[in-house]
Undergrad: 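Provided herewith is a single structure, encoded as structure tokens, for subsequent inquiry.
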Amino acid sequence: MNPSNQSSAKNLNLRAQVIKTLLAVQNGQSLSSVLNQHINMVSERDRGLYHELTLGCLRQWYSLKAITLPLLTKPLDNEALESCLYLGLYQILCTRIPVHAAISETVNAAKQLGFEPMSGLVNAILRRVSRETDEFETALNNTHGLPSWLFKRLKKDWPEQVEPLCQALKQVAPLTLRVNERQVSRDEYLDILDEEQIDARECEFSDVGIVLRQTGNITLLPGFEAGGFSVQDEHAQLCATLLPDLDGKVVVDACAAPGGKTAHILERFNPKKLIAIDQDPKRIVRIGENLERLALNLDNVEILVADATTWQAQEPVDCIVLDAPCSATGVIRRHPDIRLLRQSTDIAQTVALQQQILQQMWQQLKVGGTLLYITCSILKTENEHQMVKFFAEHPNAKEIKITADWGIEQMHGRQLLPSDQSGDGFYYCRIQKIA
Ligand SMILES: C[S@@+](CC[C@H](N)C(=O)[O-])C[C@H]1O[C@@H](n2cnc3c(N)ncnc32)[C@H](O)[C@@H]1O
């Protein structure tokens, strides 16, 4: 952006900045790729509200779409109009912003962005909803809030759980930490938080997890710079508990960036060698940064930019952690833009990529070794069905059943579904190579 564009962008009101971000996501850009750039255009004072409005609109996008439909004489085929309307409706129905401010600021934003011709329609619809907020709030809460293709798939995969599941996906996920046991125990860190009057509790299933009852800048929490903890979902933390003893072993973390599970392995074990690979050169830089901040021993760690569909190990591998690229449908609470970005046609491609990576990694594992297959998906095609196919095609693979007090047992593996105040959607399947 050139300086004159930048100064005119800075003159936009806050709602206009939010609409610009929503439009970028509608046009296929991920929120993480535009957020930092766009938030720089927002004054420090307004950044919290910008964040809340942007994420909130994306979280409620399909619910807002559903309640808007009956108010229209013809379908909305205008992205700018959709963004303006949903932002206005979100403020009226889901925040405490006074209704008159929500409407006037949103209508002004539409004008500032050059969408003057549609500002009358935005104004009329927002005013109509503001007169019947109770009815619209109820309607909003009763919607499943997902694109129809995803809802259909979830209904087929999880007929009994689908309603609470959809409601859970609309919630804000809890902020969860993983304590770095090399530095501090969970009890000690809870005491430190308590001294600082930071409200927190132990996780239910992860023995190193802490849920914060308040949000805020995590870099300001005690011990962040020194590497006392990482931010990681509770269900992601279960990975390390499912691995065999890795002391003295050769371990491959096959899709490792940004290194959440790599770090956890190094906090818990002393492998002879840990090879962390990822094909994304930008994301892989973060593995080194994270391991360094956590002050972990990097002597036996190799970090490689490599394609897991073709990479070949130079030595026998005892254990492979395969946290596969996936639809990320289990982490929609944390990445609400997935609702708009993911298309039904992506799923088959993702499943095929997972198969290729599995196939290649399986060949690298030594006989007797363990492969832990993981996704943050809640779609059976990437999880249980993927594993059914794998076991059918690999007679030298034997499942080591996960017996646990969490998740839902599947034909192969175990599935965790997101629920209120609990962890994200994750799938784990443990496989041993027997011949
Ligand atoms: C679910 S994320 C991994 C998260 C990571 N394990 C953690 O705990 O922080 C999946 C990763 O797979 C990587 N990936 C996708 N395709 C790949 C491929 N063909 N080879 C290697 N890595 C790949 C992506 O770049 C992404 O970083």
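Indexing begins at 1, ligand by ligand and atom by atom, following the structure's order. What's counted below: heavy atoms across the whole structure, side chains too, no hydrogens, waters or symmetry copies. We number each residue from 1, following the sequence as shown.
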Undergrad: Do me a favour and list the nearest non-hydrogen protein atom to atom 8 (O) of ligand 1 with residue, atom name and distance?
TA: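 In this structure, atom 8 (O) of ligand 1 has Lys261 NZ, 3.0 Å as its nearest protein heavy atom.
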Undergrad: Check residues 219-231 and write down every donor-acceptor pair under 3.5 Å in which the side-chain atom is one partner and the other belongs to a residue at least two apart or another chain.
TA:
residue, atom, partner, partner atom, Å
Thr219, OG1, Asn217, OD1, 2.7
Thr219, OG1, Asn217, ND2, 3.4
Ser230, OG, Arg178, NH2, 3.2

Undergrad: Which of the atoms in ligand 1, numbered in the order shown and given with their element, are less than 4.0 Å from a heavy-atom of Ala308?
TA: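 Reading through ligand 1 atom by atom, the close ones are 18 (C), 19 (N), 20 (N), 21 (C).
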Undergrad: Return the orientation label for the Phe390 and Trp362 ring planes: parallel under 30°, perpendicular over 60°, tilted otherwise.
TA: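 Correct class here is perpendicular.
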Undergrad: Please enumerate all residues that pass side-chain contact (heavy atoms from CB on, under 4.5 Å) together with Asp191, with sequence neighbours excluded.
TA: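 With neighbours one apart ignored, the set is empty.
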Undergrad: Nearest heavy atom to atom 2 (S) of ligand 1: which of His264, Gln360, Arg283, Arg286 does it belong to?
TA: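 It is Arg283 whose heavy atom sits nearest to atom 2 (S) of ligand 1.
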Undergrad: Can you check whether Tyr62 reaches Leu150 side chain to side chain, under 4.5 Å on heavy atoms?
TA: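 No, every pair of side-chain atoms sits at 4.5 Å or beyond.
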Undergrad: Relative to the heavy atoms of Asp280, which atoms of ligand 1 are at a distance of less than 4.0 Å?
TA: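 By the 4.0 Å cutoff, the relevant atoms are 25 (O).
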Undergrad: Return the closest protein heavy atom for atom 26 (C) of ligand 1 as residue, atom name and distance.
TA: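 That would be Asp278 OD2, 3.4 Å.
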Undergrad: Name the closest protein heavy atom to atom 14 (N) of ligand 1, giving the residue it belongs to and the distance to 0.1 Å.
TA: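 Among all protein heavy atoms, the one nearest atom 14 (N) of ligand 1 is Gln279 CG, 4.0 Å.
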Undergrad: Between Tyr428 and Cys239, is any pair of side-chain heavy atoms under 4.5 Å apart?
TA: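 In contact.
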Undergrad: Ignoring hydrogens and angles, tell me if any N or O in the side chain of Gln415 forms a donor-acceptor pair with the backbone of Phe426 under 3.5 Å.
TA: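 Yes.
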Undergrad: Can an N or O of Gln232 be found at a distance shorter than 3.5 Å from an N or O of ligand 1?
TA: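 The answer is no, given that Gln232 and ligand 1 share no N or O pair closer than 3.5 Å.
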Undergrad: What protein heavy atom lies closest to atom 12 (O) of ligand 1? Include the residue and the distance to one decimal.
TA: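 Residue, atom and distance for the closest contact: Cys255 CB, 3.3 Å.
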Undergrad: Please answer whether the main-chain N or O of Ile39 pairs with a side-chain N or O of Arg47 as donor and acceptor at a distance below 3.5 Å.
TA: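 Side chain of Arg47 to backbone of Ile39: a pair is present.
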Undergrad: Looking at Pro325, which atoms of ligand 1 are within less than 4.0 Å of one of its heavy atoms?
TA: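 Those of ligand 1 that fall under 4.0 Å from Pro325 are 15 (C), 16 (N).
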Undergrad: Which of the atoms of ligand 1 are close to Ala306, meaning less than 4.0 Å from one of its heavy atoms?
TA: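 It comes down to these atoms of ligand 1: 20 (N), 21 (C).
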Undergrad: Considering distance alone, does some N or O of Asp253 sit under 3.5 Å from an N or O of ligand 1?
TA: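 N/O-N/O distance under 3.5 Å: no.
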Undergrad: Is there a polar contact, in the sense of an N or O pair closer than 3.5 Å, between Ala257 and ligand 1?
TA: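 Between Ala257 and ligand 1, an N or O pair is found under 3.5 Å apart.
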Undergrad: Do any N/O atoms on Asp323 end up under 3.5 angstrom from N/O atoms on ligand 1?
TA: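 Between Asp323 and ligand 1, an N or O pair is found under 3.5 Å apart.
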Undergrad: For ligand 1, does Cys239 get within less than 4.0 Å through its side chain, its backbone, both, or neither, judged by non-hydrogen atoms?
TA: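 Under 4.0 Å from ligand 1, Cys239 contributes no heavy atoms.
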Undergrad: Just by modelled atom types, is the Ser206 backbone N or O under 3.5 Å from a matching donor or acceptor in the Glu234 side chain?
TA: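 Side chain of Glu234 to backbone of Ser206, a donor-acceptor pair under 3.5 Å: yes, one is there.
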Undergrad: Relative to the heavy atoms of Gly260, which atoms of ligand 1 are at a distance of less than 4.0 Å?
TA: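 It comes down to these atoms of ligand 1: 7 (C), 8 (O), 9 (O).
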Undergrad: Does any part of the side chain of Tyr50, heavy atoms only, come nearer than 4.5 Å to the side chain of Leu14, both counted from C-beta?
TA: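 Leu14 reaches Tyr50 side chain to side chain.
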Undergrad: Between Glu393 and Lys389, is there a salt bridge with N-O shorter than 4.0 Å?
TA: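 Result for this pair is yes, salt bridge flagged.
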Undergrad: Identify the two heavy atoms, one from Leu238 and one from Thr241, that lie closest to each other, and give their separation to 0.1 Å.
TA: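 The pair with the smallest heavy-atom distance is O-OG1, 2.6 Å.
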Undergrad: For Asp307, counting its heavy atoms only, list the atoms of ligand 1 lying under 4.0 Å from any of them.
TA: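 Answer for ligand 1: 18 (C), 19 (N), 20 (N).
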Undergrad: List ligand 1 atoms under 4.0 Å from Pro258, heavy atoms only on the residue side.
TA: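 In order of numbering, the contacting atoms are 9 (O).
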